[in-house]
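Quick notes on the structure that follows.
Quick caveat, the model's predicted, so the values are computed rather than measured. In the text below, chain A, chain B and the rest are named by the order of the sequence lines, each starting its count at 1.
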Amino acid sequence: MSAKWGLTELFQAWGFSYPGSAEILAALTSAVLLVGFIALAALFFIWLERKVSARIQDRLGPTRVGGYIGWAQSIADGIKLFVKEDLVPAAADGWLFRLAPYVAFCGTFVAFIALPFADGWSAYTSGMGVFAIGVLFMLAVLSTEVFGVILAGCSSGNKWALYGGMREAAQMVSYEVPMALCVLVPVLLAGTLDLGAITRQQSGWFFNWFVFHDPFTFVAFWTYFTCAVASCKRAPFDLAEAESELVAGFHTEYSGLRWAFFFMAEYGTMFAVSGIATHLFLGGWNLGLPVWSLFGAPADLAAWLPWPHPILSVGNLLNAGIFTFKCFLLVTVMMWLRWTLPRIRIDQVMSACLIYLLPISCVVLMGVCLWQLFVPPWWRIVVAYSLAAGWTVFVLAVGVRLFSSTSQFPQASNVAAIR
Amino acid sequence: MSVYAVLFYVLAGLTALSAVAVVLTTSIVRAATWLLFTLAGTAGIFFLLGADFLGAGQLLIYVGGTLVLVVFGVMLTTQDPRLNLQIGVAEWLIGLVTSLALLGVLVVSLAGLQEPPDAPEGPRSLPPSRQLGAVLLGDTRATPVAPLTGTPQLNYYARVRVHYLLPFELLSVHLLVVLIGAAYLARAKRRRVDAQPPTSSSAQGVAP
């Protein structure tokens, strides 16, 4: 790649030469863009969650606000939350109670500044347009979100909230270990912690993705995804909320905007862990089907149509769209899991982590090392191709089965016909 | 004064203020929160100085550590999670002597420092984490200026001497011992139940 640089240099090139002005403008632009993205994504995800849950439970979901698909439901909810009474319980530690939602949101927001949406499109770069330890940084700051949740539980002055917070702490401390071990697998293959560099090694066709690299990475992806669902405290791991047992868990006492901040943090974290999974295993911003590369064009779109700027190119914009789409798909899978699986008990949560996920992740890490050292190259290629082909066939078969199956229950039209 | 200098003073000031607040507050959960801000501020200073790996490591280790501190603070103190800590005169004296000694050491060592030479201009290119690992394994030939490319170069480092590996392994074993000890101390202590036959009345009462 030719010149790679960030927003700071872009603003300097546009004539902001006063010392510091370009840096401040770049920081403000990135912050506004990211907060806007997280807020809009949360609005969209809440609407999607309602529709997905409705579909799974054979309902319609929101249909009143914003046409038949109810697209404005989240906006209406937002207005309702904005005007709702904001209260702090008398038994709460007021300062910590007010602080907790912002701690949770800051953790999510700071994770996003290391997430590259396309080649060079991350808010923070430590020189040369890369952030050399991106994935480690994201994992580190995502745990701050959990701190906000536990703080909310401890400071609410409510036993349900305290239970929720303690459960979340126990869950997070356990699930961080297998999650980090699974993250190490693609890092080991790529030889770098830079998310952008890891993605650049997976360009081209989808059998180059690390998830199809060998059987161990395939297992590592699913183990990582399970731990990621747990780290977002989503069902079936939503012990911190557990509506049927703990009222609403850690946010029992919250209302209005502070409650909304918790949910922006939760949906932002879902996107962030999906982004890590996409970069590490699913080829990041690469489409995986570079048909254009058959005609001699480069497989990575990043350098395509470098206008108005090498880093703001049309190709990079397309790449960012592909990356966001992949993350949205993973978030949808999380919703699908939430509305399909029942919540598991706290002892099952612990045993699932310590008895199953932790040994699996250790075996996977050792296995990938041995694979790299001892398996001959032609055998690696055969296994990667057959994994990719087998998975494609499986997904296609499930898709065909889903869309071709007829309902076992009488449709409204059938009922009318029978009558 | 450049942006970086302003940011440094703001961050350092906030870090110092929250460090003072850790000591002054009497609620254990609040103290842990201030401690989190202190450690996060230190990590921010590391990031500002370009030591990304150190900053991320600081966050990764200490955020989790503070979290466990809150949990144990809540679980082990009393029924009330917002217990007020009372400080006696003896603690004041011990703390004063220790902190004055530490201050003296810091002032003496600061007085011996000289102003560093100006950093060269241009984009900072820091060694990637791959080289950190190589140095840890004893490779001393890792050059600090390496091109940050996507694909790793296939040059296998010749292991000259084991530099940091032995202390690293010793620390790991030490931590493992601490972990096992903590698990031993915190395990659920089951009282040995004396084998007594249940009385007939209670057995009848329990039966559905």
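- Heavy atoms of Tyr62(B) lying under 4.5 Å from chain A are absent altogether.
- Here the side chains of Phe137(A) and Leu60(B) are not in contact, with every heavy-atom distance at 4.5 Å or above.
- In this structure, no portion of Met138(A) lies under 4.5 Å from any heavy atom of chain B.
- Residue contact with chain A, scored on non-hydrogen atoms closer than 4.5 Å, is absent for Ile61(B).
- The minimum heavy-atom distance between Ala140(A) and Ala56(B), with the atom names listed, is CB-O, 3.6 Å.
- Annotation: Phe37(B), atom CZ; neighbour count of heavy atoms from other residues, nucleotides and ligands within 6.0 Å is above 12.
- In this structure, CG on Leu99(A) lies 7.0 Å from OG1 on Thr33(B), to the nearest 0.5 angstrom.
- Atom CG of Leu59(B) is separated from atom OG1 of Thr144(A) by 6.0 Å, given to the nearest 0.5 angstrom.
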